[in-house]
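Let me begin by presenting the structure, written as structure tokens, before commenting on it.
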Amino acid sequence: MRQVMKIVIAATAAATLTLTACSSGGAATPSASGSASSEAPKIKVGMAYDVGGRGDQSFNDSAAAGLDKAAAEFGVETKEAAATNGEAESAREERLNQLIDAGYNNIVAVGFAYAGAVGKVAKENPDVKFAIVDDASEASTGANIMNITFAENEGSFLVGAAAALKSEAGHIGFVGGVETDLIKKFEAGYVAGAKAVKADIKIDSKYLTQPPDFSGFGDVAKGKAAAEGMYQNGADVVYHAAGGSGGGVFTAAKAAGKWAIGVDSDQAKTAAEDVRDVILTSMLKRVDVGVYTFIKSVHEGSFKAGNTVFDLKADGVGYSTTGGHIDDITAKLDEYKKQIIDGTITVPAK
């Protein structure tokens with residue numbers, strides 16, 4: 001039945017595409033005879049964001065940056081949609097199917113929560129190429145799926161070391177959005193990095209929600225409350241891996257006159273202007289690089305299914321220096337980075 005409906009939907013989508021899609025190249029240019037241009041059809045990429053969507057100043061925005069870069073360079077036509085808090089698995093599947101039905105035959109799913117949906121929809125649409133960010137489980141592997149994963153523990157090690165080097169109290173904190181294996185990977189690296197600097201440093205940790213409640217990635221109030229408790233308890237640096245909830249961590253840091261550490265994007269450039277000066281550094285998770293790499297492979301005809309890991313060596317993770325707050329310790333951080341890359345230091349993932 002869905003195949004029959006696709007014919008109807010595709011016809012409708014063709015008539016309304018210019019109203020619903022974004023393109024770097026604008027409308028087709030008529031030829032001298034008045035007919036449409038004979039240029040090769042544009043690559044069409046559908047982006048399915050996680051909760052928070054474009055504008056979360058973190059994870060989704062990093063993915064959006066990769067999409068925007070590819071659109072500008074390759075003339076890609078794009079369409080975007082985002083998940084909502086508490087939605088059913090069927091909603092994620094339907095979002096992917098709607099993008100495909102509208103003619104977008106290269107799909108990027110942002111976040112591990114799409115694993116089951118991508119696995120199912122990819123099997124049903126073998127001619128469509130998929131990329132999923134943050135998952136390489138059996139549920140999301142297939143001949144037409146590129147799995148984009150990162151060594152978040154390695155990047156988190158570096159900002160953990162930065163937190164310990166800059167902490168005057170010998171007491172720091174970590175706020176995770178949702179207690180999943182992925183977010184625990186951030187915590188494990190952060191703790192290891194801090195303890196590499198100061199073995200007896202005190203580290204508070206708190207997760208905002210538990211699966212299947214993923215609202216912890218988009219609840220500013222909960223992020224603020226968690227960080228406030230840590231600052232009041234004596235911590236002077238708090239790192240968040242909580243998506244949009246991180247905005248609350250920054251607000252709490254500002255009020256307390258303490259430091260916060262951002263995640264995914266360089267949040268000293270993307271967060272609200274009034275809190276940027278309390279962001280010590282950010283753990284850079286180059287989701288933009290992963291998304292761009294997928295679209296570039298489609299453009300070049302070199303798409304390859306399977307897991308691609310973006311680690312320190314591949315410049316897939318790192319740390320930011322915006323604001324100059326850690327200029328005095330970058331040499332030390334870069335030494336840690338070198339030791340991780342050459343295998344002298346093995347960073348735990350859990």
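Given the structure is predicted, the values throughout are model-derived calculations rather than measurements.
- In the hydrophobic cluster analysis, where Ile, Leu, Val, Met, Phe, Trp and Tyr join through side-chain heavy atoms closer than 4.5 angstrom, Met283 is grouped together with Val289.
- Contact annotation: the side chain of Val287 approaches that of Phe150 to within less than 4.5 Å [non-hydrogen atoms, C-beta and beyond].
- Put simply, Val220 and Phe174 are part of two different groups of oily side chains (I, L, V, M, F, W, Y) that touch within less than 4.5 Å, one to the next.
- Between the CZ atom of Phe250 and the CZ atom of Arg276 there is a distance of 10.5 Å, given to the nearest 0.5 Å.
- A heavy-atom distance below 4.5 Å is not found between the side chains of Lys198 and Ile172.
- Contact of the Asp127 side chain with the Asn105 side chain is not registered, since no non-hydrogen atoms from C-beta on lie closer than 4.5 Å.
- In this structure, the side chain to side chain contact (heavy atoms under 4.5 Å, CB included) partners of Ser320, at least two apart in sequence or on a different chain, are Asp266, Thr281, Ser282, Leu284.
- The structure places CZ of Phe294 at 6.0 Å from CZ of Phe303, a figure rounded to the nearest 0.5 Å.
- Interatomic distance, Glu93 CD to Tyr114 OH, rounded to the nearest 0.5 Å: 11.5 Å.
- Each side chain to side chain donor-acceptor pair (under 3.5 Å) pair with one or both residues in residues 249-262, not counting sequence neighbours, appears once here: Lys254-Asp277.
- Scanning for side chain to side chain contact (heavy atoms under 4.5 Å, CB included) contacts around Asp315 gives Arg286, with sequence neighbours left out.
- By the side-chain hydrogen bond (donor to acceptor under 3.5 Å, both in side chains) test, Ser137 pairs with Asp135, sequence neighbours left out.
- In this structure, a donor-acceptor pair under 3.5 Å is present between the side chains of Asn147 and Ser140.
- A donor-acceptor pair under 3.5 Å is formed between the side chain of Asp61 and the backbone N or O of Gly55.
- With hydrophobic clusters built from ILVMFWY side chains whose heavy atoms lie under 4.5 angstrom apart, Met47 shares a cluster with Phe217.
- Note that the CG atom of Asp56 and the OH atom of Tyr49 stand 9.5 Å from one another [nearest 0.5 Å].
- When side chains are defined from C-beta on, Val121 does not count as touching Arg92, because their heavy atoms never get closer than 4.5 Å.
- Residue Asp213 places its CG atom among more than 12 non-hydrogen atoms of other residues, nucleotides or ligands, all under 6.0 Å distant.
- Ring centroids of Tyr292 and Phe74 are separated by less than 6.0 Å, placing the two rings close together.
- Going from atom CD of Gln339 over to atom CZ of Phe157 covers 8.0 Å, rounded to the nearest 0.5 Å.
- Checked by atom type and distance alone, the side chain of Asn125 never pairs as donor or acceptor with a backbone atom of Val128 at under 3.5 Å.
- The side chain to side chain donor-acceptor pair (under 3.5 Å) contacts involving residues 234-248 comprise Ser156-Tyr239, Ser167-Asp236, His240-Gln267, where partners must be two or more places apart or lie in separate chains.
- Residues Leu67 and Thr78 meet the side-chain proximity criterion, which asks for heavy atoms closer than 4.5 Å.
- Using a 4.5 Å cut-off on side-chain heavy atoms (C-beta onward), Ile183 and Phe186 make contact.
- Listed by first and then second residue, the side chain to side chain donor-acceptor pair (under 3.5 Å) pairs that reach into residues 303-313 are Thr149-Asn307, sequence neighbours excluded.
- In this structure, His299 and Glu73 have side chains that are not in contact, with every pair of non-hydrogen atoms separated by 4.5 Å or more.
- Heavy-atom contacts from other residues, nucleotides or ligands closer than 6.0 Å to NZ of Lys224 number 12 or fewer.
- Between the side chains of Tyr319 and Asp334, a donor-acceptor pair is found at a separation under 3.5 Å.
- No side-chain donor from either of Asn85 and Ser215 sits under 3.5 Å from a side-chain acceptor of the other.
- Criterion: ILVMFWY side-chain heavy atoms under 4.5 Å apart, direct or through other members. Under it, Ile148 and Phe112 are part of a common hydrophobic cluster.
- Taken together through direct or relayed side-chain contacts under 4.5 Å among Ile, Leu, Val, Met, Phe, Trp and Tyr, Val278 and Ile326 form parts of separate hydrophobic clusters.
- In this structure, Tyr104 OH and Glu80 CD are separated by 10.0 Å, a value rounded to the nearest 0.5 Å.
- In this structure, Asp288 and Lys69 have side chains that are not in contact, with every pair of non-hydrogen atoms separated by 4.5 Å or more.
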> Ile341 and Lys337: side-chain contact (heavy atoms from CB on, under 4.5 Å), yes or no, with the steps?
Replying inline: CA-CA 6 Å; Ile341 291 172; Lys337 177 179 177 179; 4.0 Å; yes
